[in-house]
**Q** 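What follows is a structure written as structure tokens; I'll ask about it next.
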Amino acid sequence: MQRRQGNGLAVVLIAIGAIMLLGLALPLIHGVFRLLFPVLLVVLGYYGIKSGRKIIGWVLMFIGVMSLIAKLSWIIGPLLGVALIVWGVSALKGRRNGTY
């Protein structure tokens, strides 16, 4: 039996086709593209600013950043809470080390 070097692509295509037939592809693709589009807007905004089209670049970057903040709010809120707790604990420790 002869073995070819190009079998990797065939296996990947078969796996993607099976995932699509099972109906699992739509949630996976949706999860990727819901974060990919705002990142693409930020990148295009940065490119616009660097290429001299500052107004359209800032507009695209602003829309992309606001969209990313909205999409990632589920992690930004708890991280902000942890940061406030750490800051408060460090402020209490710093106040105790002072003079009485």
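For the numbers below, each heavy atom of this structure counts, side chains included, while hydrogens, waters and symmetry mates do not.
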**Q** When you group the ILVMFWY residues by side-chain heavy-atom contacts below 4.5 Å and let the links chain together, are L60 and W58 in the same group?
**A**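 No, W58 does not connect to L60 through the hydrophobic network.
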**Q** Side-chain donor-acceptor contacts of residues 66-82 below 3.5 Å, not counting sequence neighbours, with atom names and distances?
**A**
from	atom 1	to	atom 2	distance (Å)
S73	OG	A70	O	3.2
W74	NE1	K71	O	3.4

**Q** What residues, two or more places apart in sequence or in another chain, satisfy side-chain contact (heavy atoms from CB on, under 4.5 Å) together with L36?
**A**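 With neighbours one apart ignored, the set is F33.
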**Q** Could you give the distance from CH2 (W87) to CG (L92), rounded to the nearest 0.5 Å?
**A**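 Separation between the atoms: 12.5 Å.
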**Q** List the steps, then state whether side-chain contact (heavy atoms from CB on, under 4.5 Å) holds for V42 with Y46.
**A** CA-CA 6 Å; V42 171; Y46 178 77; 5.6 Å; no
**Q** Any chance you could pull the hydrophobic cluster mates of Y47, using side-chain heavy atoms under 4.5 angstrom and chaining through other members?
**A**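 When side chains under 4.5 Å apart are linked, Y47 ends up in no cluster with other residues.
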**Q** On a heavy-atom basis, which atom in I49 and which in M61 lie closest, and how many Å separate them?
**A**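 Here I49 and M61 meet closest at CD1-CE, 4.1 Å.
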**Q** With hydrophobic residues grouped by side-chain heavy-atom distances under 4.5 Å, do L40 and V59 end up in a single group?
**A**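 Same cluster.
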**Q** Same cluster or not: L44 versus F62, using hydrophobic residues (I, L, V, M, F, W, Y) connected whenever any side-chain heavy atoms lie under 4.5 Å apart?
**A**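 No, separate clusters.
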**Q** Indicate the atoms forming the closest heavy-atom contact of G48 with S51, along with that distance.
**A**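 Closest pair (atom of G48, atom of S51, distance): O-OG, 3.2 Å.
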